[in-house]
Number of protein chains: 2
Amino acid sequence: MELQKLRYFYAVAKFQHMTKAAEYISIAQPALSQAIKSLENELQVELFVKKGRNIVLTEYGLYLKERLETILPEIDSIPAEIDKMKKRVSKTVKLNILAASAFVINAIVEYRKNHPDAVFDFEQNEQRTDCDIVISTNGLTHSSLVPSVNRCVKTERIYLAVPKNSSYSPMESIELRDVRDEEFVMLSNARLFGVICNEFCSKAGFYPKILFESDSPTAVQNIISTGTGVAFWPEYSWGELNNDNVVLLPVKTPVCSRELIIELYETLPRSEYAEDFYNFLLQQISDNE
Amino acid sequence: MELQKLRYFYAVAKFQHMTKAAEYISIAQPALSQAIKSLENELQVELFVKKGRNIVLTEYGLYLKERLETILPEIDSIPAEIDKMKKRVSKTVKLNILAASAFVINAIVEYRKNHPDAVFDFEQNEQRTDCDIVISTNGLTHSSLVPSVNRCVKTERIYLAVPKNSSYSPMESIELRDVRDEEFVMLSNARLFGVICNEFCSKAGFYPKILFESDSPTAVQNIISTGTGVAFWPEYSWGELNNDNVVLLPVKTPVCSRELIIELYETLPRSEYAEDFYNFLLQQISDNE
DNA sequence: AATACCGAAGTTTTTGCAATTCCATAGTAG
DNA sequence: CTACTATGGAATTGCAAAAACTTCGGTATT
């Protein structure tokens, strides 16, 4: 019961005519006769009977034809579907964003304005290695099996966000130890960022009092803007800060920054937009400076 | 996209392991590798990727596997279904009953008491030629393409049915012309039988007055039994007459009879019960005598 | 005479196997 | 902790068997 024979059979069943069917599928007529006979042999059933010098379907042949009526289109749709998938996949950029997710999300939104057919597969997974673009930081040990084809290390300054109505807001910059008694808002799930910030504080000689641990930069903004606390705010990672009630102050000492590592990989299948989006990301960072 | 390759692929997809799959489907591992590669080539897509020293499905492979999950069982069910059909068909006796249908129906009911799995395909169609058993009469021109393997011609006497309360009922037999003024009940749809009966009357020198034309022997019985008419009643064709209000009289002149021709054919596929039922039919006629 | 299916012989393509190679992991010793 | 070795597992190559096609000729139907 090979598929080809079933297709042959189906053609003959439709034409009810060997020669025409053979012509249709572009093989010699004896080959077709043989194929049908071998199929009949396999099923141990007559599929056609001679009627005059033509042939007609038997009860069994009719049944087989009806079954094939649904099965063959089903099978034929597979290559087409896979082709569609291929197209979609080639337009997909696989991202592994271990840091600076909000920044990348903004970049994606911006990028799609000019490339509306681009698709982004966005993950945060230290294990995953088969991505086009990985963004990590100096605290992370993301080890890919293959070397990146391009790699950019960007120093990201980390500001102190203070409420506008606080006494700090008019300052140009600040010493971190000056806010040692303030209450801090920290990101809970961005643990790595939390670790770094704690290190800053310990360099400044204090251990921060935690007012609130939140999941989202937005929540951090909201809490700061109530005037009840301060927070560290990374230059790029959380996107632009556009809240009139919060002010970002550079920290004089200690040096508050971290390294953003943006890597481009050659994946298979080749992603059409990967390299272009990589360059777009770097440009976005430059524009922010 | 041959079915075999798809099956091979499916095995590999299930095992996620070439060698094990090759063992499972009983071919050598290189053959399997080649088959998969050729499938990948046809679809222009990688179906597996190496992971360490094993292989795992790609996105495309996963999709193909899921599709096959429904398609393969669908195809595999076909031979089984055809086998079932074959069994059923072999137990079917194809009848073409151009005369004596009631008689045959009784025989079928009787026969199935001893052969409950026998199936009867009962038709009345002068065109149809691929039947196991054909019953016709001397007035019919049923011409099959092949000669019958067995043939039995039986003379069927045709009685005159009269009401029990009529003056004819005590007689042993009757001259047809004696009932020339009676009103007749004729079968309308059994046109051939009607023709014969009209011939009998014309031989007897009269044209019968028609009281009623009916479709069913039962209706004929009912009408006769009201005492309002007489009718011709074939010896076998309409089954036994068991009605206390009607009496069957042999007709002395003209000779009232017709020939029942019962033929057995060799059909393909071979019907298991055809010959046996043929003999049963003949025996039923003998028993009636 | 024309149409249409079937059969036989020869050729090409596909499929399968065996031996081998290549690669990645795991184990082991210095 | 590095390096050498063993092992598991897939890919490559070369060759044999089987399947599928083609051409040519045959036979039956109209």
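Chain letters run A, B, ... following the sequence lines, proteins first and then strands; every chain starts at 1.
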Original post:
Does the side chain of A/Phe277 reach to within under 4.5 Å of the side chain of A/Ile108, using non-hydrogen atoms?
Top reply: yes
Original post:
Separation of B/Arg53 atom CZ from C/dC22 atom C1', in whole Å?
Top reply: 13 Å
Original post:
Which whole-number value in Å describes the distance from B/Gln16 CD to D/dA10 C1'?
Top reply: 14 Å
Original post:
Do B/Gln29 side-chain and D/dA11 base share a donor-acceptor contact under 3.5 Å?
Top reply: yes
Original post:
Within this structure, what is the CD-to-C1' distance between B/Glu46 and D/dA11, rounded to whole angstrom?
Top reply: 13 Å
Original post:
Do A/Lys5 and A/Glu42 meet the salt-bridge criterion of a basic N to acidic O distance under 4.0 Å?
Top reply: yes
Original post:
So, is B/Tyr8 near the phosphate of C/dT14, with a side-chain N or O under 4.0 Å from OP1 or OP2?
Top reply: no
Original post:
Salt bridge between B/Glu23 and B/Lys20, side-chain N to carboxylate O under 4.0 Å?
Top reply: no
Subject >> A/Thr19 side-chain N/O to C/dC5 phosphate OP1/OP2 under 4.0 Å >> reply: yes
Original post:
Taking the side chain of A/Pro30 as its heavy atoms from C-beta onward, which of D/dA20, C/dG16, D/dT22 lies nearest to it?
Top reply: D/dT22
**OP:** Would you mind reading off the distance between B/Ile27 atom CD1 and C/dT14 atom C1', rounded to a whole angstrom?
**Re:** 13 Å
Original post:
If each of B/Lys20 and A/Gln34 is mapped to the nucleotide of DNA chain D with the nearest heavy atom, which maps nearer the 5' terminus, i.e. the 5' end?
Top reply: B/Lys20
**OP:** Pick base, sugar-phosphate or nothing for B/Lys51, based on heavy-atom distances below 4.0 Å to the nucleic acid.
**Re:** nothing
**OP:** Decide yes or no for A/Met18 and A/Ile36: does some side-chain heavy atom of the first lie under 4.5 Å from some side-chain heavy atom of the second?
**Re:** yes
Original post:
Would one find a side-chain N or O of B/Ser33 under 4.0 angstrom from OP1 or OP2 of D/dA10?
Top reply: no
**OP:** Go through D/dG9, D/dA20, D/dT22 for me and flag the one nearest to the A/Gln4 side chain.
**Re:** D/dA20
Original post:
Roughly, in whole Å, what's the span from CD in A/Glu40 to P in C/dC5?
Top reply: 13 Å
Original post:
How is B/Glu2 classified with respect to the nucleic acid when contacts are heavy atoms under 4.0 Å: base, sugar-phosphate, or nothing?
Top reply: nothing
Original post:
Would one find a side-chain N or O of B/His17 under 4.0 angstrom from OP1 or OP2 of D/dA10?
Top reply: yes
**OP:** Answer yes or no: does a side-chain N or O of A/Lys37 lie under 4.0 Å from OP1 or OP2 of C/dG7?
**Re:** yes
Subject >> Gap between atoms CE and C1', on A/Met1 and D/dA19 respectively (whole Å) >> reply: 18 Å
Original post:
Is the shortest side-chain N to carboxylate O distance from B/Arg7 to B/Asp76 below 4.0 Å?
Top reply: yes
Original post:
How close or far is atom P of D/dG8 from atom CZ of B/Phe15, stated in whole angstroms?
Top reply: 19 Å
Original post:
Should B/Lys5 be listed as having a side-chain N or O under 4.0 Å from OP1 or OP2 of C/dT15?
Top reply: yes
Subject >> d(CG, A/Leu3; P, D/dA20) in whole Å >> reply: 13 Å
